[in-house]
Every structure is written in structure tokens, then in C-alpha cells.
Student: 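Here's a structure for you.
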Amino acid sequence: MKIEQIRLRQIQMPLVHYFETSFGRTYSRDMVLVEVVADGVSGWGEVTAGENPFYNEEWTEAAWLIVKHYASPRVLGRELASADDVYPLLSHIRGHFMARGGLEAAVWDLQARRNGRPLWQEIGGGARKEIACGVSIGIQDTVAELLKKVEKELADGYQRIKMKIKPGRDVEDLRAVRQEFPGIKLMADANSAYTLDDIDHLRKLDDFYLMMVEQPLAHDDIIDHSTLQTKLQTPVCLDECIRSAHHAQQAIDMGACRIINIKLGRVGGFAEAKRVHDVCQKANVPVWCGGMLESGIGRAHNVALSTLPNFTLPGDVSASKRYWKRDVIVPAVETTPQGTIQVTDGVGFGYGMDMEFLKSITVREETLS
Ligand code: OSB
Ligand code: MG
């Protein structure tokens, strides 16, 4: 296939409720969408970078420039044998995996559409027709609000609760939730807010029989996590640290984690996400699909990814309405009362585009050809 056009769009979407992590609050998303066109057919991708370079080094403005000036020129007008060709074409770019991944995922979606197949089938998924959903709950102003939020998500059927934690908002918050909900699948995500100096403090998390603690230490430090894991009963799950299958292999070999969160963007797209998945599967390390407050496009891609066999734990992929009043796809992503998302058999990412709404929230658009 030969990509004739790449259209970049920046859209702005206010969140239904702000989302607070150890690195700050997000009230509204500002994201870059990538549309690739060949023979009149469009494939869609989403750059999952945040509005600020706080989760990792990427952010919306930088991602726009990387896709425009470095990623697109390598793909545009080139005869691609497969979407698998995109990752190596972009690997001369250091970092910026989310920017690269937005374009790469769009080419996978296009390839699926050209073949008249669902995206999940195109990437070799299909191990399940229904994916298990958890939710990620941001840091709340008060413990009472946190408990109310947990109760609501459980009532909506979600199978696992993840709480964001940071120093000063960890042990007491977790104790309160555990006391109120003794039997639930519970985990905590620190987004790199601690250091090895906090080992004694982090050991208190073992009291709450969490499924895992996600990325407690520095975003780029697998070595310190391997030290921490030997001192914790709670399994460590790595998020920020794992940007490639090679990282995943090293982290597993070092005993730095027992679970890995795979984010499509963070590893540069579907090809590398599958390689991370395969490394983990071989090592008997379960994985789950992380989220980045995606629009429906990124969300649908996450659903497809979650059908690979080793995605055996509930992910952070949940209903559109938890984030958006109106989503850019139709229908919106919905969950069943059992806390699952039913995988669609539609071609490509399996949902339609709400172009009218998309246009109304587009703040910048550029077509490269
Ligand atoms: O660490 O998983 C994370 C959101 C933004 C940045 C980082 C993370 C998150 C989430 C939200 O946890 C997951 C979601 O609901 O999309
Ligand atoms: Mg995380």
C-alpha cells in the first residue's frame, strides 16, 4: 500500500471530570489525530501524548512537529508491504514513541480496512470477544469523595479499581478503600512519585493485598525497581519504564516487575506492543492494557490490542462516557453490566467517525501529501 496523504488534526475535548495524578491535574485533552489515506480509504490513529511533558517527555505540541517533520516524510509516498514496515522506518527517531505510534496505528487501521477485516484480526488478536475492564481513579480532594467514586465504578460493574497515589495521599487513602471494600481487586499507581529512600514507607502497601503497585519509582529506572521488588510482597507493575520489548525483557530478567502495563503509544505502536506482549507471555508475566485518557479512536485501538492472548488482567480501558460528553466515534465505547467491552466485528477499529463533531473540536489541521 502507498500512503498518498497524511492529515494531522489537533482536537480539544474537555474531560467530564478532571483527572489528577502525582504529576498534576488534567481538565481538558488536547490531542493529535493522524489520518492516513490510500486509494480513497482512511486509517485513523491517535497520538496519546499528554498536554505537558510530565508523564513522559512527549506533549501535544512536540508530537505535532515530530509527526509532521520526521515521521510522516518517511512513510508518505512509500510502497509499504505491510504496516509492520512502519516501526523500523521511524526507529531512527530517538524517543517520541507516542508521536510515532499515532502514525503507526493509523497505518494498521488502514491495512485492516483495505483487507476488509477488523483491526483485532489484522494484528493477530481475537483470543477473546469481550475484554475485562477496570478503571483508573484520580486523586480526589477528600477520602469521602474517593470512597463515593469507588462505589460508583463498582456499581457500574468495573472489575478492578486502580487508585492514583502520591506521597501524603497513599496509605490512608488505601486503608480507607480497603476497609470499605475488602474483597475487590485493587491496585495503586504512583506515576514515579517515590524513590528507594521510601522503601520502608512503600512496604506498608503490603498490608492492603493489592494486585500490584504500578510504577512507584523513577520513570526511567528499571534497576531501582528490581531492588524494590525484592523488598515488597506486592507485585510491581511497570508502566513508564517499558518503552520496548527489549526493556520488557531486561525488566523481567532483573526481577524489576511481575506484571507489565502495555500502552500502545508508549512503545511506538502495534508492532512493538505485540513484541512486548510476546516477551511477557514467554516469561509468564501477565499484561494489561493501559490508558492515556484517549478519545474513541485510541480507545478502540486499545480494545483491539486487548484481544491478544496474554492480556489476562483487566485494563484501564473503560466506557467513553467516563471521559467525554460526546465522543469522536459512533457509537461511543460502552461497557456491559459485567464490566466488559464487547469487541466489534466491524472493519478497521470497528466504530464509525463522528466527522461533524470532530470538525467542531478541531483547532488545527494540516494535510501532507
Ligand atoms: O499512568 O496509567 C497512567 C492517565 C494519564 C497518564 C498516565 C496514566 C493515566 C491513567 C488513566 O491512569 C488511564 C485512563 O483511564 O485512560
Ligand atoms: Mg500508569
Side-chain angles (χ1 to χ4, degrees), residues 13 15-31 46-60 63 97-98 101 131-140 149-150 152-153 156 158-166 170 186-194 210-220 225 235-243 251 257 259-267 287-303 305-306 313-324 327 332-333 335 339 341:
M13 293 173 91
L15 286 162
V16 168
H17 190 278
Y18 68 78
F19 189 76
E20 181 171 337
T21 66
S22 63
F23 55 77
R25 265 187 195 181
T26 305
Y27 291 89
S28 181
R29 293 296 331 275
D30 207 319
M31 43 194 146
E46 175 172 333
V47 175
T48 60
E51 292 65 47
N52 300 291
F54 300 159
Y55 164 80
N56 64 7
E57 81 287 355
E58 298 191 75
W59 61 300
T60 313
F97 291 100
M98 292 168 161
I131 66 157
C133 307
V135 288
S136 176
I137 299 181
I139 296 167
Q140 305 295 309
K149 205 123 203 182
V150 173
K152 184 189 184 299
E153 303 294 8
D156 284 346
Y158 287 105
Q159 298 184 12
R160 178 226 64 187
I161 300 290
K162 163 168 136 183
M163 296 167 46
K164 292 291 188 178
I165 57 169
K166 65 177 182 182
D170 44 25
L186 182 64
M187 61 172 290
D189 185 0
N191 288 109
S192 303
Y194 301 89
L210 304 176
M211 289 178 86
M212 68 196 91
V213 58
E214 184 178 346
Q215 196 69 39
L217 307 179
H219 69 100
D220 57 355
H225 281 98
V236 171
C237 168
L238 289 178
D239 173 355
E240 284 89 327
C241 273
I242 307 299
R243 293 162 164 247
C257 61
I259 298 170
I260 286 178
N261 158 344
I262 299 183
K263 286 180 180 165
L264 191 55
R266 197 194 63 224
V267 301
V287 304
W288 53 277
C289 185
M292 289 296 294
L293 313 175
E294 286 92 345
S295 84
I297 297 170
R299 197 164 299 280
H301 286 184
N302 287 342
V303 172
L305 184 64
S306 303
L313 298 172
D316 279 348
V317 187
S318 56
S320 297
K321 68 171 184 206
R322 294 188 62 250
Y323 308 83
W324 321 115
D327 205 338
V333 174
T335 51
I341 293 171

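Counting convention: from 1, in listed order, for ligands and their atoms alike.
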Student: What atoms of ligand 1 come within less than 4.0 Å of a heavy atom belonging to Glu214?
Tutor: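 So the atoms of ligand 1 that pass are 2 (O).
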
Student: Considering distance alone, does some N or O of Leu293 sit under 3.5 Å from an N or O of ligand 1?
Tutor: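 Looking only at distances, the answer is yes, because the N/O contact criterion of under 3.5 Å is met.
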
Student: Is there a nitrogen or oxygen of Tyr55 sitting under 3.5 Å from a nitrogen or oxygen of ligand 1?
Tutor: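 No: no nitrogen or oxygen of Tyr55 is under 3.5 Å from one in ligand 1.
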
Student: What distance do Met212 atom CE and Trp288 atom CH2 have between them, rounded to the nearest 0.5 Å?
Tutor: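 One gets 6.0 Å once the value is rounded to the nearest 0.5 Å.
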
Student: Tell me whether ligand 1 is touched by Gln215 - counting only heavy atoms on the residue side and a distance under 4.0 Å.
Tutor: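 Gln215 does not count as a contact of ligand 1 under the 4.0 Å cut-off.
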
Student: Considering the options Lys164, Arg160, Arg299, Arg322, which one meets the salt bridge (Lys or Arg N to Asp or Glu O under 4.0 Å) requirement together with Asp316?
Tutor: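 Among the candidates, only Arg160 passes.
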
Student: Please examine the side chains of Tyr194 and Ile165, heavy atoms only from C-beta on, and report whether any two atoms are closer than 4.5 Å.
Tutor: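 They are in contact (side-chain heavy atoms under 4.5 Å apart), so the answer is yes.
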
Student: Checking a contact table here: which protein heavy atom is nearest atom 13 (C) of ligand 1, and how many Å away?
Tutor: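 Going by distance alone, atom 13 (C) of ligand 1 is nearest to Gly291 O, 3.4 Å.
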
Student: Indicate yes or no: does an N/O atom of Tyr323 lie under 3.5 Å from an N/O atom of ligand 1?
Tutor: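 In this structure, Tyr323 places an N or O atom under 3.5 Å from an N or O of ligand 1.
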
Student: N/O to N/O below 3.5 Å, does that happen between Asn261 and ligand 1?
Tutor: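 Between Asn261 and ligand 1 (N or O atoms, distance only) the closest approach is not under 3.5 Å.
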
Student: Do Asn52 and Phe23 have side chains that get closer than 4.5 Å, going by heavy atoms?
Tutor: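 No; the side chains remain at least 4.5 Å from each other.
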
Student: Taking atom types as modelled, find out whether Glu240 and Asn56 have a side-chain donor-acceptor pair closer than 3.5 angstrom.
Tutor: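 Per modelled atom types, Glu240 and Asn56 side chains form no pair under 3.5 Å.
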
Student: Check ligand 1 against Met292 and write out every atom of the ligand that is under 4.0 Å from a heavy-atom position of the residue.
Tutor: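 So the atoms of ligand 1 that pass are 6 (C), 7 (C), 16 (O).
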
Student: Give yes if a backbone or side-chain nitrogen or oxygen of Asn191 is under 3.5 Å from a nitrogen or oxygen of ligand 1, and no if not.
Tutor: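 It does: an N or O of Asn191 is found under 3.5 Å from an N or O of ligand 1.
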
Student: Under 4.0 Å, heavy-atom basis, I'd like to know which part of Arg322 is in contact with ligand 1: side chain, backbone, both or neither.
Tutor: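 No part of Arg322 comes within reach of ligand 1.
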
Student: Distance under 4.0 Å to a non-hydrogen atom of Lys263: what atoms of ligand 1 satisfy this?
Tutor: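 In order of numbering, the contacting atoms are 1 (O), 2 (O), 3 (C), 7 (C), 8 (C).
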
Student: Enumerate the atoms of ligand 1 whose separation from the nearest heavy atom of Phe19 is less than 4.0 angstrom.
Tutor: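 Atoms satisfying the 4.0 Å criterion: 4 (C), 9 (C), 10 (C), 11 (C), 12 (O).
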
Student: Is the closest heavy atom of Lys164 to ligand 1 under 4.0 Å?
Tutor: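 Under 4.0 Å: yes for Lys164.
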
Student: Apply the test side-chain contact (heavy atoms from CB on, under 4.5 Å) to residues Thr48 and Leu264: give CA-CA distance (whole Å), side-chain angles for both, the deciding distance (0.1 Å), then the verdict.
Tutor: CA-CA 8 Å; Thr48 60; Leu264 191 55; 6.0 Å; no

Student: Give the contacting part of Asp239 toward ligand 1: side chain, backbone, both or neither, where contact means a heavy-atom distance below 4.0 Å.
Tutor: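 It is the side chain that touches ligand 1; the backbone stays farther off.
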
Student: Do you know which two heavy atoms are closest between Leu293 and Arg29, and how far apart they sit?
Tutor: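 Shortest heavy-atom separation between Leu293 and Arg29 comes out as O-NH1, 3.1 Å.
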
Student: Consider only side-chain N and O atoms of Ser318 and Tyr323, and report whether a donor and an acceptor are under 3.5 Å apart.
Tutor: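 There is such a pair between these side chains.
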
Student: Nearest heavy-atom pair of Met13 and Ser295: which atoms, and what distance?
Tutor: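 So the two residues come closest at SD-CB, 4.1 Å.
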
Student: What heavy-atom pair brings Ala190 and Ser22 nearest, and what distance separates the two atoms?
Tutor: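 Of all heavy-atom pairs spanning Ala190 and Ser22, the closest is O-OG, 2.8 Å.
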
Student: Looking at Glu58 and Arg243, is there a salt bridge between them, counting it only when a charged N and a carboxylate O are closer than 4.0 Å?
Tutor: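 No salt bridge links Arg243 with Glu58.
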
Student: Is it the side chain, the backbone, both or neither of Val135 that has a heavy atom closer than 4.0 Å to ligand 1?
Tutor: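 Under 4.0 Å from ligand 1, Val135 contributes no heavy atoms.
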
Student: Going through the distances and angles, do Lys263 and Met98 end up as a side-chain contact (heavy atoms from CB on, under 4.5 Å)?
Tutor: CA-CA 9 Å; Lys263 286 180 180 165; Met98 292 168 161; 5.6 Å; no

Student: Do any protein N, O or S atoms sit under 2.8 Å from the Mg ion (ligand 2), and which ones are they?
Tutor: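 For the Mg ion (ligand 2), the protein N, O and S atoms that sit under 2.8 Å away are Asp189 OD2, Glu214 OE2, Asp239 OD2.
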
Student: Measure the spacing between CG of Asn261 and CG of Leu313 and express it to the nearest 0.5 Å.
Tutor: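 Between Asn261 CG and Leu313 CG, I get 10.5 Å after rounding to 0.5 Å.
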
